[in-house]
Amino acid sequence: MLIGGQMIPGDAATAPLVSVNPADGRVNHEVAAAGTDAIDRAVRDAAQAATQRSWREMLPPQRARILSRIADLMERDGENLAKLQMIENGKVWSECTAQVKSAAATFRYYAGVCETTGSELTPSRGAYLSMTVYEPYGVVGAITPWNSPLTMEAQKVAPALAGGNAIVLKPSEITPSTGLALGQIALEAGLPPGLLNVVPGTGQQAGAALVEHPLVRMVSFTGGTESGRRIAQVAARKLMSVGLELGGKSPHIVFDDADLDEAVEAVAGGIFEGSGQSCVAGSRMFVQRTVYDAVMRKLVDVACSLRVDMPDVPGAQMGPMATFAHRDRVEAMVESARAEGAQIIAGGSRPQGERLAGGAFYQPTVIAGIDNSARIAQQEIFGPVLCMLPFDSEEDLVAQANGTAYGLAAGIWTADYRRGWRVARALEAGTVWINTYKQLSISTPFGGFKESGLGREKGITGMRLYQQPKSIYLGMPRG
Ligand code: NAD
């Protein structure tokens with residue numbers, strides 16, 4: 001683990017994490033896991049680094065320069081970072097390399113935000129000058145999931161550093177290596193030691209100890225809704241700020257005036273890319289009843305033609321699930337839907353044949369013959385499983401689309417922009433795409449309504465998440 005600028009071995013009492021390649025079941029490597037003592041040491045080091053004058057008084061252009069250098073070095077090491085992600089979570093090579101570029105771009109973007117975002121002079125109501133400046137919390141705890149580790153880590157580390165904090169990053173136990181590599185890159189880029197400590201470990205042990213630590217004044221978490229709820233309970237007790245990016249069950253809507261071929265391609269990409277292991281996966285497809293059968297035929301064709309293969313094979317469109325346990329969980333959910341009467345109209349099994357039999361693969365799956373209250377339509381599956389649901393009127397659609405505990409994202413396909421706008425405003429979701437899907441920009445705030453989260457990452461808001469406003473009044477002569 002990386003603490004105080006040094007790579008150090010784990011606690012003897014804490015079993016190491018064993019990283020397994022989900023494409024073939026082979027062990028990649030072991031990584032030290034942090035126990036309570038290591039977390040305490042990392043947080044104390046970070047707290048000390050956060051108060052160093054050299055960091056507190058570093059001017060925004062100097063801080064921006066370090067962030068830009070991190071971006072450059074990530075690009076230099078792009079192949080290694082992409083490979084680390086691919087062997088740990090099984091994402092296809094094209095997606096891994098695109099995510100490295102996106103993570104580097106995040107550092108470059110926050111270098112710009114850091115250097116250009118000012119404080120505010122507020123309208124005066126008396127004999128004073130009033131202003132609001134933004135100050136760091138001190139130590140931020142960052143906890144990330146396994147599905148897109150590097151992009152999530154960049155999305156937290158870059159704005160938290162831009163905002164003047166020190167960070168203790170706890171990557172997912174399934175994907176510990178990209179975070180460690182990022183920590184070493186940051187040191188090479190000139191980030192003073194201790195400002196980014198990386199402590200892999202389990203959620204129950206390392207994650208919980210980080211959230212509980214009294215010197216951690218803000219936690220930024222991306223992961224499942226239940227874990228988020230547990231973290232929020234601790235935060236309530238500590239009266240600590242949190243940013244929570246949680247799960248989703250996003251509706252992807254097709255009206256009968258849409259370009260159906262384009263819509264079906266996008267719906268398939270929206271759920272099957274990354275084997276459905278994406279928080280914004282469009283996992284519930286609502287189709288206007290007038291075109292339901294036609295859309296179903298097209299969708300089944302697209303789902304069955306997707307190339308499921310080893311992640312490093314050129315042209316592979318879907319790799320394995322990130323772990324064998326997760327594949328088994330997805331498989332069990334599909335089987336229980338089948339037992340409850342759902343129709344599996346595509347996939348619904350592991351790929352046939354010997355070639356992929358050693359990996360955690362699962363076929364693109366489409367489920368029909370259910371309504372929105374079915375368990376499979378309500379629970380986050382986080383796998384390549386799409387539920388197809390018909391709708392009749394716009395009113396019926398909005399009620400069904402909003403009929404979930406989640407509110408992360410939604411997609412709408414229609415030729416009528418007035419309708420697109422109306423439905424977008426009626427949907428309970430932090431991001432709505434109209435005639436496109438899964439476009440994500442670092443300059444645009446991202447986060448969830450309802451049980452999909454609290455707070456917004458990305459954009460200027462994404463840096464403010466890691467800062468607290470301080471208002472200062474300067475007395476002025478009267479009259
Ligand atoms: P998870 O909640 O099991 O784990 C996420 C991280 O939290 C891991 O690092 C884990 O070790 C840690 N953790 C777990 N319990 C903890 C606790 N009590 N205290 C502190 N840390 C704890 O989620 P996962 O299985 O790794 O990821 C999949 C989930 O993440 C899905 O629900 C998905 O929708 C969500 N996700 C959301 C977004 C988003 O931006 N909204 C993005 C990606 C993934």
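When a ligand or atom number is given, it counts from 1 through the structure's own listing order. Just so we're clear, the structure is a prediction, and the values are computed from it rather than from any experiment. Quick note: numbers below take in every heavy atom, side chains included, and nothing from hydrogens, waters or symmetry partners.
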Give a yes-or-no answer on whether the side chains of [X] and [Y] include a donor-acceptor pair shorter than 3.5 Å.
| X | Y | value |
| --- | --- | --- |
| Tyr109 | Ser443 | no |
| Trp413 | His252 | yes |
| Gln155 | Glu457 | yes |
| Lys91 | Ser275 | no |

**Request:** Find all atoms of ligand 1 within a distance of less than 4.0 Å from any non-hydrogen atom belonging to Phe446, and give their numbers and elements.
**Result:** 40 (O)
**Request:** Using a strict 4.0 Å cut-off to heavy atoms of Ala208, name the atoms of ligand 1 that fall inside it.
**Result:**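 Answer, ordered by atom number: 19 (N), 20 (C).
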For [atom], which protein heavy atom lies nearest, and how many Å away is it?
| atom | value |
| --- | --- |
| atom 35 (C) of ligand 1 | Gly223 O, 3.1 Å |
| atom 8 (C) of ligand 1 | Thr144 O, 3.3 Å |
| atom 11 (O) of ligand 1 | Glu173 OE1, 2.6 Å |
| atom 7 (O) of ligand 1 | Phe221 CE1, 3.0 Å |
| atom 20 (C) of ligand 1 | Gly207 C, 3.3 Å |
| atom 23 (O) of ligand 1 | Gly224 N, 3.3 Å |
| atom 32 (O) of ligand 1 | Glu380 OE1, 2.6 Å |
| atom 27 (O) of ligand 1 | Pro145 CB, 3.4 Å |

Is it the side chain (CB and beyond), the backbone, both or neither of [X] that lies under 4.0 Å from ligand 1, heavy atoms counted?
| X | result |
| --- | --- |
| Leu408 | side chain |
| Ile143 | side chain |
| Asn147 | side chain |
| Arg230 | side chain |
| Glu457 | neither |
| Glu226 | neither |

**Prompt:** Do Arg464 and Tyr134 meet the cation-pi criteria used here (NZ or CZ under 6.0 Å from the six-membered ring centre, within 45° of the axis)?
**Reply:** yes
Heavy atoms, side chains only, cut-off 4.5 Å: are [X] and [Y] in contact?
| X | Y | value |
| --- | --- | --- |
| Met321 | Gln277 | yes |
| Leu17 | Glu30 | no |
| Met318 | Glu273 | no |
| Leu191 | Ile185 | no |
| Gln99 | Leu81 | no |
| Lys249 | Glu451 | no |

**Asked** Of the listed options (Leu246, Thr323, Thr151, Thr431), which comes nearest to atom 41 (N) of ligand 1 when hydrogens are ignored and any heavy atom counts?
**Response**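 Answer by nearest heavy atom: Leu246.
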**Item:** Over 12 foreign heavy atoms within 6.0 Å of CD, Glu79
**Value:** no
**Asked** Can you find an N/O atom of Trp146 closer than 3.5 Å to an N/O atom of ligand 1?
**Response**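 Such a contact does occur with ligand 1.
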**Message:** Looking only at distances, can you tell me whether any N or O atom of Ser227, backbone or side chain, sits closer than 3.5 Å to an N or O atom of ligand 1?
**Reply:** yes
**Prompt:** Are any of the heavy atoms in Met152 under 4.0 Å away from ligand 1?
**Reply:** yes
**Prompt:** Mind checking whether Gly453 has a heavy atom under 4.0 Å from ligand 1?
**Reply:**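 No.
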**Request:** Could you please spell out the steps behind the side chain to side chain contact (heavy atoms under 4.5 Å, CB included) verdict for Val198 and Leu182?
**Result:** CA-CA 9 Å; Val198 186; Leu182 174 62; over 6 Å; no
